[in-house]
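Note that ligands are numbered from 1 as they come in the structure, with each ligand's atoms numbered from 1 the same way.
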Amino acid sequence: MNNSYKELIKLAIDNLKNSYAPYSKFNVSAAVLADSGKIYTGVNAENAAYPATMCAERSAIFHAVSCGERSFTAIAIVGGHDYQIKDYCAPCGVCRQVMREFSDPKEMRVILAKSTDDYREFTLEELLPESFGPEDLSKE
Ligand code: THU
């Protein structure tokens, strides 16, 4: 197993306790690996005004972007009801699009984990085919 994925998954699992999901009770945590080698975590943060909720994946990516990062190669995601990880937790469409902004979809690995030994690995391109990204805006 790729050691950096193991570390990524471990950090996502360890930080799941910080998920704030009093309404759905569905807790999610993510850890994203930046080109710098640093790892940034994020959790879902719900809101009494439901649409103001933020997903774990975007929390992690925006955390990293706020620290100056602009490119990522992998993200590990864990989640489940009442902080229990019983199944793989796939990223929503909006989070996939945000990953697209800051990565090469052929290279970016999305790791859906149940534990550090039990996970599924996808490229972002598999999860978001025929995507629209920053370079499409600059085409004449
Ligand atoms: N959630 C995430 O954090 N990431 C996803 O990609 C899917 C959904 C959160 C949002 C909300 O707090 C809860 O899971 C239920 O939708």
Among all the protein's non-hydrogen atoms, which is closest to [atom], and how far away is it?
atom: atom 12 (O) of ligand 1; result: Glu46 OE2, 2.5 Å
atom: atom 8 (C) of ligand 1; result: Cys55 SG, 4.0 Å
atom: atom 15 (C) of ligand 1; result: Ser24 OG, 3.6 Å
atom: atom 3 (O) of ligand 1; result: Ala56 N, 2.9 Å
atom: atom 9 (C) of ligand 1; result: Asn44 ND2, 3.6 Å
atom: atom 4 (N) of ligand 1; result: Glu57 OE1, 2.8 Å

Next on the checklist: Exactly one of Asn27, Val28, Asn18, Leu16 should register a side chain to side chain contact (heavy atoms under 4.5 Å, CB included) with Val43. Which one does?
Outcome noted: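 Testing each of Asn27, Val28, Asn18, Leu16 against Val43, the sole residue satisfying side chain to side chain contact (heavy atoms under 4.5 Å, CB included) is Asn18.
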Item to check | Within-cut-off N or O pair, Pro91 and ligand 1, under 3.5 Å | outcome: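 No, Pro91 has no N/O under 3.5 Å of an N/O on ligand 1.
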Checklist entry - If you measure every N/O of Thr53 against every N/O of ligand 1, is any gap under 3.5 Å? => result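 No; the residue has no nitrogen or oxygen that sits under 3.5 Å from a nitrogen or oxygen of the ligand.
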Next on the checklist: With a 4.0 Å cut-off on heavy atoms, is Ala21 in contact with ligand 1?
Outcome noted: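 Contact absent.
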Checklist entry - Any cation-pi pair here, Lys114 with Tyr119, using under 6.0 Å and within 45°? => result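 The answer is no, since Lys114 fails at least one limit relative to Tyr119.
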Item to check | More than 12 heavy atoms from other groups under 6.0 Å of NZ on Lys17 | outcome: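 Enclosed.
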Checklist entry - Quick check: does any side chain N or O of Glu107 sit under 3.5 Å from a backbone N or O of Asp104, one acting as donor and the other as acceptor? => result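 A pair under 3.5 Å: no.
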Checklist entry - How long is the gap from OG on Ser59 to CG on Asn15, to the nearest 0.5 Å? => result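 Answer for the OG-CG pair, Ser59 versus Asn15, is 10.0 Å.
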Checklist entry - Taking the six-membered ring for Trp, are Tyr23 and Tyr50 parallel (under 30°), tilted (30 to 60°) or perpendicular (over 60°)? => result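 Tyr23 and Tyr50: tilted rings.
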Checklist entry - Any luck finding a side-chain donor-acceptor pair between Ser19 and Asn44 under 3.5 Å? => result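 Asn44 and Ser19 do have a side-chain donor-acceptor pair below 3.5 Å.
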